Peer 1: 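One structure, pasted below without further comment.
Both ligands and their constituent atoms are indexed starting at 1 by order of listing. Because the structure is a prediction, the values reported are computed rather than measured.
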Amino acid sequence: MDRKALLSDVKRVVVKIGTSSITAGGSAVSEEFMDSIAGQVSELRKRGIEVLLVSSGAIGIGLKALNAVPKPNEVPIKQAAASVGQGILMQKWNDSFQKYGMNAAQVLITMADYSDREKVMNLNNTITTLLEYGAVPIFNENDAIAVKEIGPVFGDNDTLSAVIASRADADLLVIMSDIDGLYDSNPRTHSDAKFISEVSDIESVEAFAGGAGSRMGTGGMRTKINAARICRDAGCLMLIVSSSEDDIVLRSVSGEDVGTVFLADSAIPAKRRWLKSVNPAGRIVVDAGAAEAVLSHKSLLPVGILSASGPFEAGKPVDIVCGGAVIARGIPDYSSEEINLIKGKRSAEAQKLLGDRMKHKDVILSENVAVLP
Ligand code: GLU
């Protein structure tokens with residue numbers, strides 16, 4: 001497909017920059033690289049294109065500043081390093097953007113924050129307002145408090161950047177990598193590796209990502225392909241390009257034939273997209289009849305519910321489970337305690353049991369359900 005035509009309507013772009021790009025492959029921050037990104041972002045803004053960045057580097061920069069070398073499972077030092085490094089990282093980004101008269105805006109996020117509907121709606125307001133004022137939002141995971149050991153994390157910025165692209169309704173995600181795109185095998189170990197410039201069917205290239213351990217680039221190809229799946233649902237194109245090429249962001253957005261482009265489907269509703277990528281607060285187990293209703297995008301009634309566990313409050317996203325399998329995720333209008341009171345009951349009886357607390361007959365409205373995967 002003609003790249004220029006494909007990218008002609010791009011108005012909002014998320015650019016993901018990995019640690020190895022920020023440090024230009026070495027261990028010190030490359031101010032030259034950051035200045036170049038700021039220059040390209042400034043040029044895009046002049047063309048009426050909004051840019052959001054997702055920048056890694058906090059842990060790497062912090063470890064260097066603290067002169068620390070952690071063992072693989074030594075989490076506290078990495079978190080401490082992230083606190084030190086994030087400050088330095090933002091100072092450097094701000095220096096670079098100030099040269100072009102722009103402000104860099106730090107936005108740190110965790111999976112727990114992202115899973116909270118109210119917080120995520122506020123995030124939308126923050127993004128919109130920052131862009132209105134011409135500031136450049138720069139996202140990273142809040143590594144100082146996000147720990148795999150105590151709860152789900154994004155874990156890698158490929159995933160985080162796709163989630164941000166989806167949330168911000170971006171038209172394009174550019175993932176800058178230490179490799180110039182997707183190959184059918186690892187080009188570092190296979191001299192006959194074939195370059196793939198366009199992917200229309202993500203499932204067909206999944207095998208090229210390699211197994212665990214065959215990491216190509218910072219987050220590996222696997223996380224990039226997962227990112228492409230999140231973008232596909234959001235109607236957002238995704239490009240993997242090499243960060244070592246000159247003006248690569250500008251050239252990507254201008255529709256030059258660089259890197260690998262992943263095509264997108266038309267966007268599914270934002271709330272459903274959000275539901276698919278959050279951390280559930282609990283689960284509702286349903287019978288086969290209710291499962292069928294949910295899978296055909298109908299609402300979930302008390303009569304088909306077998307149990308609810310969490311505990312969770314009304315309004316928190318939960319998994320809907322049938323026969324041991326998670327079939328969907330939804331936002332109940334009742335707490336786990338209330339649902340356990342009315343489970344298996346017909347609407348009239350549920351109404352008697354809940355009295356004033358009964359808002360409507362549906363435990364989860366159809367517009368608040370996303371079928372998985
Ligand atoms: N959040 C991490 C950092 O700033 C980077 C995660 C990643 O490399 O994907 O150091």
Peer 1: Number the atoms of ligand 1 from 1 as they appear, then name those within less than 4.0 Å of a heavy atom of Ala58, with their elements.
Peer 2: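 What qualifies from ligand 1 is 3 (C), 4 (O), 10 (O).
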
Peer 1: For ligand 1, find out whether one of its N or O atoms is nearer than 3.5 Å to an N or O atom of Asn140.
Peer 2: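 Yes.
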
Peer 1: I'd like to check which ligand 1 atoms, numbered from 1 as shown, lie under 4.0 Å from a non-hydrogen atom of Asp143.
Peer 2: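 Under 4.0 Å from Asp143, ligand 1 has these atoms: 1 (N), 2 (C), 3 (C), 4 (O).
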
Peer 1: Are Arg329 and Asp319 close enough, and set up right, to give a salt bridge (charged side-chain N to carboxylate O under 4.0 Å, His left out), and what steps lead you there?
Peer 2: CA-CA 4 Å; Arg329 197 165 283 154; Asp319 279 342; 2.7 Å; yes

Peer 1: Considering only heavy atoms, which of Val54, Thr19, Ile59 lies nearest to atom 10 (O) of ligand 1?
Peer 2: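 Shortest heavy-atom distance from atom 10 (O) of ligand 1: Ile59.
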
Peer 1: Strictly below 4.0 Å, N to O, side chains only: are Glu245 and Arg251 in salt-bridge contact?
Peer 2: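 The answer is yes: the pair qualifies as a salt bridge.
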
Peer 1: With heavy atoms of Asp156 as the reference, note each atom of ligand 1 found under 4.0 Å away.
Peer 2: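 Result: 9 (O).
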
Peer 1: Check this for me: does any side-chain nitrogen of one of Asp35 and Lys99 sit under 4.0 Å from a carboxylate oxygen of the other?
Peer 2: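 Here Asp35 pairs with Lys99 in a salt bridge, since their nearest N and O are under 4.0 Å apart.
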
Peer 1: Closer than 4.0 Å to some heavy atom of Gly57 - which atoms of ligand 1 meet that?
Peer 2: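 So the atoms of ligand 1 that pass are 3 (C), 4 (O), 10 (O).
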
Peer 1: Is Val153 reachable from Ile77 through a run of hydrophobic residues whose side-chain heavy atoms are each under 4.5 Å from the next?
Peer 2: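 In one cluster with Ile77: Val153, no.
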
Peer 1: Set out, in order, the CA-CA distance, both residues' side-chain angles and the distance that settles side-chain hydrogen bond (donor to acceptor under 3.5 Å, both in side chains) for Ser243 and Ser21, then state yes or no.
Peer 2: CA-CA 6 Å; Ser243 64; Ser21 310; 3.0 Å; yes

